[in-house]
Amino acid sequence: MEMKHHVCRQCGVRLTSDEKAIYMKMVSRCASEFLCLDCLSVKLGCSRGALEERIRYYRESGNCVLFR
């Protein structure tokens with residue numbers, strides 16, 4: 001059985017699990033399509049670095065099941 005890899009719905013780049021998780025955390029928990037960090041940062045009006053910091057925060061806190 002082949003694993004389906006998600007790609008950014010805007011630019012088509014292959015997504016990491018962290019990119020999917022931060023999209024679900026910040027946009028919609030029930031999303032089935034996602035944006036990469038670059039496209040998501042444009043949508044949210046923030047920098048890619050800010051999103052990377054937020055991912056680091058959630059991963060290190062251990063409180064969010066999306067980042068385990």
Side-chain angles (χ1 to χ4, degrees):
M1 187 168 129
E2 185 178 325
M3 290 284 289
K4 180 181 177 201
H5 297 286
H6 288 104
V7 295
C8 176
R9 71 173 187 219
Q10 184 125 2
C11 70
V13 71
R14 190 170 172 177
L15 300 173
T16 65
S17 59
D18 282 344
E19 286 174 311
K20 291 184 275 188
I22 197 68
Y23 186 89
M24 291 175 78
K25 182 74 172 178
M26 301 188 84
V27 179
S28 173
R29 282 287 262 230
C30 53
S32 60
E33 293 184 317
F34 309 92
L35 295 173
C36 67
L37 287 181
D38 292 326
C39 293
L40 183 58
S41 67
V42 171
K43 176 181 175 65
L44 298 177
C46 65
S47 69
R48 178 188 172 105
L51 292 176
E52 290 170 338
E53 278 297 315
R54 187 58 56 176
I55 289 169
R56 229 179 333 275
Y57 167 78
Y58 287 126
R59 185 168 293 288
E60 290 173 4
S61 73
N63 293 330
C64 183
V65 297
L66 295 172
F67 294 92
R68 290 188 183 160

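These numbers come from a predicted model, not from an experiment. Residue indices begin at 1 and follow the sequence shown. FYI, side chains are in, hydrogens and waters are out, and symmetry mates aren't considered; it's all heavy atoms of this structure.
- Nearest heavy atoms, S41 versus R48: CB-N, 3.8 Å.
- Rounding to the nearest 0.5 Å gives a distance of 13.5 Å between CG of D18 and NZ of K25.
- Annotation: side chain of V13 is not in contact with side chain of D38 (no heavy-atom distance under 4.5 Å).
- No more than 12 heavy-atom neighbours from other residues, nucleotides or ligands sit within 6.0 angstrom of CZ on R14.
- Ion pairing between a basic and an acidic side chain is recognised when a charged N comes within 4.0 Å of a carboxylate O; R56 and E60 show no such pairing.
- Atom CZ of R54 has 12 or fewer neighbouring heavy atoms from other residues, nucleotides or ligands inside a 6.0 Å radius.
- The list of ring-ring contact (aromatic ring centres under 6.0 Å, His included) pairs with a residue in residues 39-65, not counting sequence neighbours, reads Y58-F67.
- Looking at L51 and M26, their side chains come closer than 4.5 Å, going by heavy atoms from C-beta outward.
- Heavy-atom minimum distance, C8 versus C36: SG-N, 3.3 Å.
- In this structure a side-chain-to-backbone donor-acceptor pair under 3.5 Å is present from E19 to L37.
- Connection of V42 to L35 is not established within any shared hydrophobic cluster, with ILVMFWY side chains joined at heavy-atom distances below 4.5 Å, either directly or through further cluster members.
- Applying the ring pair (Phe, Tyr, Trp, His ring centres under 6.0 Å) criterion to F34, with sequence neighbours excluded, gives H6, Y23.
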